[in-house]
Amino acid sequence: MSLPVSRSRASCPRAPRRLDGYHDALDLHADFKDFAAWFKGFEMQRVEEGTRVPAVEAVRATVISCIPGCTDIRWVPVLNDIIVTIDGTTHLIWRLSDGFRTMLALVGELAWRAAVLNPAFGADVAQHIEGVVLIDELDLHLHPRWQRRVVADLRRAFPRVQLIATTHSPFIVQSMRAEEVINLDDHAPMEYWREGIEDIASEAMGVEEGVVPRSQLYRELEQVADEYYRLLEAAPQEAAQIAARRARLDELEVYFTDDPTMAAFLKLQRLARDGET
């Protein structure tokens with residue numbers, strides 16, 4: 001996808017026509033350079049003429065709602081550039097990471113198209129528009145921490161839009177409900193939010209067993225559990241060692257037990273068994 005205003009025209013933007021909202025709508029990529037040029041052009045118009053451009057305000061509000069920690073995005077005349085404020089620090093837009101630039105282009109373009117196609121909604125257009133958006137490789141350039149929340153961010157920014165996205169990220173899959181994921185390899189659906197990343201990669205995404213090693217936490221859980229139960233059977237008089245391993249086992253088990261109530265039950269069972277020894 002790309003925006004219908006080229007970099008060379010950014011300094012003298014024309015008023016968008018309704019049909020501009022469909023221009024290159026089926027292009028494969030959200031073009032960050034075109035987005036930045038378009039945004040800069042209309043921000044210059046806002047500053048120089050003192051006019052409020054609803055499409056720009058829609059983009060600004062949507063970007064702020066969808067970019068973690070973002071509180072502002074605007075063109076600064078003295079710098080002749082766009083700055084973004086994230087977590088209280090301002091950054092030149094061109095110096096942001098690929099992940100931030102990708103999301104800025106995606107969210108900004110969707111909000112711009114929505115504003116052009118539905119001018120009556122003004123700056124709140126992202127909250128009101130309905131439609132279907134196709135996104136290929138949603139996880140592209142995003143840090144795993146951001147991958148965990150990107151779907152929720154887009155839902156919040158465009159609550160009435162149906163998003164159909166592809167991904168190879170187990171972090172994104174983990175953030176979804178079973179009925180929201182279509183596995184093209186025809187695996188049985190899972191309760192993804194309950195599963196670990198390794199389980200999703202191996203069981204849902206078809207990565208061969210052994211290629212995805214268990215995490216360090218999981219291996220520690222196995223080791224501590226083995227030591228704990230061996231001590232119970234062979235040396236029940238070692239109360240201090242048993243208590244220490246039981247406490248660590250309680251901490252680790254929370255990460256891997258699908259059902260939190262089962263984790264609590266097993267913890268109580270261990271306490272009761274310790275009391276019998």
Side-chain angles (χ1 to χ4, degrees), residues 1 26-30 32 62-63 65-70 86 96-111 126 129-222 251-263:
M1 297 183 292
L26 298 181
D27 199 346
L28 294 179
H29 303 285
F32 172 74
T62 307
V63 166
S65 74
C66 212
I67 303 297
C70 181
I86 300 173
L96 293 174
S97 69
D98 286 344
F100 275 100
R101 290 202 300 269
T102 297
M103 285 299 294
L104 278 171
L106 173 63
V107 174
E109 178 168 344
L110 291 179
I129 59 158
E130 299 179 0
V132 178
V133 174
L134 309 180
I135 306 173
D136 189 30
E137 299 291 356
L138 179 57
D139 52 287
L140 194 64
H141 302 308
L142 296 184
H143 188 281
R145 186 169 57 247
W146 201 345
Q147 292 175 24
R148 290 182 184 276
R149 57 173 291 171
V150 63
V151 173
D153 289 338
L154 289 172
R155 280 175 173 157
R156 184 175 59 255
F158 304 96
R160 306 181 72 176
V161 170
Q162 181 181 8
L163 300 169
I164 301 175
T166 64
T167 183
H168 289 95
S169 167
F171 296 101
I172 289 181
V173 173
Q174 190 185 52
S175 71
M176 310 294 290
R177 295 185 290 270
E179 64 273 16
E180 296 174 326
V181 177
I182 298 175
N183 192 321
L184 298 181
D185 293 325
D186 201 29
H187 285 271
M190 303 168 60
E191 288 295 338
Y192 301 104
W193 65 274
R194 291 186 174 192
E195 304 295 333
I197 293 300
E198 291 108 339
D199 297 316
I200 292 173
S202 60
E203 296 177 29
M205 305 184 79
V207 179
E208 295 179 9
E209 187 175 352
V211 175
V212 182
R214 290 293 184 179
S215 67
Q216 182 62 40
L217 277 176
Y218 188 92
R219 291 195 293 270
E220 184 182 352
L221 174 65
E222 288 184 315
E251 294 175 2
L252 292 170
E253 194 170 51
V254 173
Y255 289 100
F256 299 99
T257 302
D258 290 348
D259 188 345
T261 58
M262 180 58 70

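Keep in mind it's a predicted model, so treat the numbers as computed, not measured.
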Next item on the list: Check the pair Ile172 / Val151 against side-chain contact (heavy atoms from CB on, under 4.5 Å), numbers first and verdict last.
Entry: CA-CA 7 Å; Ile172 289 181; Val151 173; 4.0 Å; yes
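- More than 12 heavy atoms of other residues, nucleotides or ligands sit less than 6.0 Å from atom CD1 of Ile164.
- Judged by distance alone, the side chain of Arg160 and the main-chain N or O of Gly131 form no donor-acceptor pair under 3.5 Å.
- When atom types are taken as modelled, the side chain of Arg156 and the backbone of Ser65 share a donor-acceptor pair closer than 3.5 angstrom.
- In summary, of the residues considered (Asp139, Val150, Leu140, Leu142), a side-chain contact (heavy atoms from CB on, under 4.5 Å) with Ser169 occurs for Asp139 alone.
- Contact annotation: the side chain of Thr62 approaches that of Phe158 to within less than 4.5 Å [non-hydrogen atoms, C-beta and beyond].
- Residues Met103 and Trp146 are in side-chain contact: their nearest non-hydrogen atoms beyond the backbone lie under 4.5 Å apart.
- With rounding to the nearest 0.5 angstrom, the NE2 atom of His143 is 9.0 Å from the CZ atom of Phe171.
- Counting heavy-atom neighbours within 6.0 Å of His168 NE2, excluding the residue itself, gives a total of 12 or less.
- Checking each of Thr102, Leu163, Leu154 against Leu138 for a side-chain contact (heavy atoms from CB on, under 4.5 Å) leaves exactly one that passes, namely Leu154.
- Here the side chains of Val132 and Val161 are not in contact, with every heavy-atom distance at 4.5 Å or above.
- For residues 161-172, the set of pairs meeting the salt bridge (charged side-chain N to carboxylate O under 4.0 Å, His left out) definition, not counting sequence neighbours, is empty.
- Atoms SG and CZ, from Cys66 and Arg155 in turn, are 12.5 Å apart once rounded to the nearest 0.5 Å.
- Side-chain N or O atoms of Thr167 include none that pairs as donor or acceptor with a backbone N or O of Glu137 at under 3.5 Å.
- Side chains of Asp153 and Ile67 form no contact here, defined as non-hydrogen atoms less than 4.5 Å apart.
- Using a distance-only test at 3.5 Å, with no hydrogens or angles considered, a donor-acceptor pair links the side chain of Glu180 to the main chain of Arg177.
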